[in-house]
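Just so you know, ligand 1 is whichever comes first in the structure, and atom 1 is the first atom listed for that ligand.
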Amino acid sequence: MTSDNNYFSSDGNYEKAKSWLKSQADEIGLEFNIVEFERPAEFAIWMTWKGSRPELKSILLNSHIDVVPVDQDKWTWDPFAAEMDSNGNIFARGTQDMKSVGIQYLEAIRTLKVQGFVPERSVHVSFVPDEELGGTKGMKVFVETPEFLKLNVGFGLDEGIGNPDESFVVSYGERAIWQVKFTAKGNTGHALRFIEDTAAEKLQTVINKMLDLRCKEKKRLESDSNLGMGSVTSVNMTILQGGLQINIVPPELSASFDLRVTPKWDISDALKFLDGVCTEAGPGVSYEWIFRSDHGFAQTELQGNSFWEAFEKACNEMELKLDVQVFPGATDIRYLRHIGIPALGFSPINNTPVLLHDNDEFLNDKVFLRGITIYERIIRNVTSAADVPTIP
Ligand SMILES: [Zn+2]
């Protein structure tokens, strides 16, 4: 999952990762490809398993190779040694997010090849370098390259999130990230008077409106157990700025908000809401974008989607319980959905505490190995799914 903290560094030894991945492709017998952008940390790797009908739209299995840093002192285990305890729990950064998944893709393909399975559709396993920093130098750029277009991807899988209970989380959408700063301008003067039309009164309206939305969405989430975080819009006021001196009525004040907008809220309605806040607050109130990513508004339609049906069938055959939802965070998959490719977020991790980005992140060996079997079945099914048209 993408980290919100941009100070997280993905600086690492990419060359070592690239050559290790190349050795895996050679060993399994997959075609190894790499496209490099401007800097060493800007690239995308994909391994191709050619299908018997390569003219059909292909399947993309994506994972990111970067991880978030660790607070070493808070770990009981060496976070980069992948040590296993007596219960089979493997402790290491990336065991959940998401080195496990990248390896499971490859191991599933290795097994299927040994079994003599030949997919109808081609399968591409992609590895990108900077999901934790927003994917702007990896997946976001990759999907716009001619190399990517040539892959003719019809369906994608990427990371999901673990689940402490029996069911497996599957996401068909993500929330959009909107970070917005409202600025209110008003009359200034000595603070001993009742000055008309002050910035503070206008900003008060802005804050009230925004926090009303927060309250409404929070209540909606709490009153309906069928809703997850991804189905509501979260709002938080994160920065307040302004003021010159304690006895001067400020000519300008601002308040910034972090919103995670559910794709279930129509984008034009959401924009209208922000405009309405300004209008109600009065003249001299405007907003600017600190960060805006609308990629999350692109959801994958499940109804009538043969790839989804093939995926779901595979899960049913294995009697896996699915928890189908909108993912509350952001991942690289949004770039695929944004260009109209149906895609699901899924990590075959159940009965496991959610420890991505946390201390003592671990995955049990049985859960990990079962995940390989799960992908074998999924790959078998989705590579023989009927075609679905992509959204232009
Ligand atoms: Zn991740």
Side-chain angles (χ1 to χ4, degrees), residues 1-12 14 17 21 41-46 60-71 75 79-80 82 90-106 125-143 156-164 168-177 228-230 260 293 295-296 300 323 325-338 343-350 352-363 367-368 371 374-375:
M1 197 200 297
T2 294
S3 164
D4 294 327
N5 300 315
N6 289 336
Y7 58 81
F8 279 153
S9 160
S10 277
D11 291 344
Y14 287 100
L21 287 168
E42 301 176 13
F43 64 91
I45 282 170
W46 70 100
L60 185 79
L61 308 175
N62 184 57
S63 70
H64 62 85
I65 62 172
D66 59 325
V67 292
V68 292
V70 294
D71 187 351
W75 279 66
F80 299 106
I90 304 159
F91 292 84
R93 173 59 85 228
T95 46
Q96 294 189 20
D97 181 15
M98 62 171 296
K99 291 189 186 290
S100 52
V101 173
I103 302 302
Q104 284 164 330
Y105 293 153
L106 293 180
V125 193
S126 53
F127 296 88
V128 286
D130 71 332
E131 193 273 344
E132 297 295 357
L133 295 172
T136 52
K137 293 169 181 172
M139 200 58 170
K140 188 174 186 223
V141 196
F142 183 40
V143 299
L157 284 177
D158 203 328
E159 68 185 312
I161 195 165
N163 198 7
F168 292 85
V169 174
V170 186
S171 73
Y172 58 91
E174 294 182 350
R175 297 195 296 180
I177 307 169
M229 267 313 279
R260 302 301 159 113
S293 167
H295 293 90
T300 290
D323 177 359
Q325 55 167 261
V326 173
F327 205 43
T331 72
D332 270 346
I333 204 172
R334 66 189 188 277
Y335 299 118
L336 268 193
R337 292 199 187 111
H338 188 67
L344 301 174
F346 174 72
S347 296
I349 303 174
N350 69 341
T352 305
V354 178
L355 290 169
L356 71 173
H357 299 204
D358 209 337
N359 304 316
D360 284 341
E361 179 180 353
F362 77 86
L363 188 62
V367 178
F368 173 71
I374 291 172
Y375 278 122

N/O/S atom of Glu131 inside 2.8 Å of the Zn ion (ligand 1), strictly under
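Here the distance criterion (N, O or S atom, under 2.8 Å) is not met by Glu131, so no.
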Which atom pair, heavy atoms only, marks the closest approach of Ile45 to Leu21?
CD1-CD1, 3.9 Å
Determine the minimum heavy-atom distance between Ala176 and Ser293, stating which atoms define it.
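Ala176 and Ser293 have their closest heavy atoms at CB-O, 3.3 Å.
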For the Zn ion (ligand 1), find the closest N/O/S atom belonging to Asp97 and write down its atom name.
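In Asp97, the N, O or S atom with the shortest distance to the Zn ion (ligand 1) is OD1.
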For the Zn ion (ligand 1), find the closest N/O/S atom on Glu159 and give its atom name.
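Atom name returned: OE1.
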Please list, chain by chain and in numerical order, all residues satisfying ring-ring contact (aromatic ring centres under 6.0 Å, His included) with Phe168, sequence neighbours excluded.
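Applying ring-ring contact (aromatic ring centres under 6.0 Å, His included) to Phe168 gives none.
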Please enumerate all residues that pass side-chain hydrogen bond (donor to acceptor under 3.5 Å, both in side chains) together with Gln96, with sequence neighbours excluded.
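By the side-chain hydrogen bond (donor to acceptor under 3.5 Å, both in side chains) rule, Gln96 matches no residue at all.
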